[in-house]
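Let me begin by presenting the structure, written as structure tokens, before commenting on it.
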Amino acid sequence: MRIQTGVLVSLGYGKYVRSDRVTALTPIEEERGPGRRTFVYVENQTEPLVASRAEDSLVRDLVREPREVTRARQQQEILRDLLDDLASVNDTVRDIVRDRSSLDLNIIERRARDAVDDAVD
């Protein structure tokens with residue numbers, strides 16, 4: 001389990017907290033009800049915030065990677081696989097493909113490499 005740095009997590013009712021600033025979660029036992037499910041302790045704050053969400057759903061959001069990050073990683077992996085495959089295509093086949101279909105594998109390879117290199121920076 002890893003806390004995601006700088007990701008906002010909804011506490012409910014328009015309250016958000018950065019996931020890497022949460023130090024503890026405690027279920028509310030007394031006076032628990034709608035809008036009062038969990039105490040959220042945040043770094044550098046003496047009093048906890050009151051979340052309307054249950055602690056298990058907060059923990060799930062605290063440690064889950066945002067969908068955009070997951071999707072970006074998957075796309076990078078696909079591009080790396082494509083680059084590996086394109087590296088095995090010889091110049092003669094590239095010329096034939098370009099001449100017969102107007103698909104330039106050199107341009108695709110260059111654009112994929114640029115995208116992968118930009119993601120690393």
Are any non-hydrogen side-chain atoms of Arg37 and Val50 less than 4.5 angstrom apart?
-> no
Measuring from Asp85:CG to Leu82:CG, what's the distance to the nearest 0.5 Å?
-> 6.5 Å
Given the rule that I, L, V, M, F, W and Y join up when any side-chain heavy atoms are under 4.5 Å apart, are Val89 and Val97 in one cluster?
-> yes
Same cluster for Tyr13 and Leu49 if Ile/Leu/Val/Met/Phe/Trp/Tyr side chains link at under 4.5 Å?
-> no
To the nearest 0.5 angstrom, please state how far the CG atom of Leu79 sits from the CD1 atom of Ile108.
-> 11.0 Å
Validation: residues 38-48 side-chain donor-acceptor distances under 3.5 Å, sequence neighbours left out:
from	atom 1	to	atom 2	distance (Å)
Thr38	OG1	Arg53	O	2.7
Thr38	OG1	Glu55	N	3.1
Glu43	OE1	Arg21	NH1	2.8

So, does Arg94 use its side chain to make a donor-acceptor pair with the main chain of Leu86 at under 3.5 Å?
-> yes
Closest approach of Glu31 to Arg36 (non-hydrogen atoms, all atoms of both residues) | O-NE, 3.1 Å
Under 4.5 Å between any side-chain heavy atoms of Val22 and Val9, yes or no?
-> no
Is the closest side-chain heavy-atom distance between Val7 and Asp20 below 4.5 Å?
-> no
Flag the pair Arg98 and Asp95 as a salt bridge only when some basic side-chain nitrogen lies within less than 4.0 angstrom of an acidic carboxylate oxygen.
-> yes
If you measure from CZ on Arg18 to CG on Leu62, what distance do you get to the nearest 0.5 Å?
-> 12.5 Å
Atom pair CD/CG of Glu109 and Asp114 - distance to nearest 0.5 Å = 10.5 Å
N-O pairing of Arg73 and Glu77 below 4.0 Å | no
Write down the atom of Leu58, the atom of Ala51, and the distance for their closest heavy-atom approach.
-> CD1-CB, 3.9 Å
Between Ser52 and Gly35, which heavy-atom pair has the shortest distance, and what is it?
-> CB-CA, 3.5 Å
Report yes if some heavy atom in the side chain of Val17 is under 4.5 Å from a heavy atom in the side chain of Leu11; otherwise report no.
-> yes
To the nearest 0.5 angstrom, please state how far the OG atom of Ser88 sits from the CG atom of Leu83.
-> 11.5 Å
Step through the shown structure and confirm whether more than 12 heavy atoms of other residues, nucleotides or ligands are within 6.0 Å of CZ on Arg111.
-> no
Report the distance from atom CG of Asp61 to atom CG of Asp56, rounding to the nearest 0.5 Å.
-> 10.0 Å
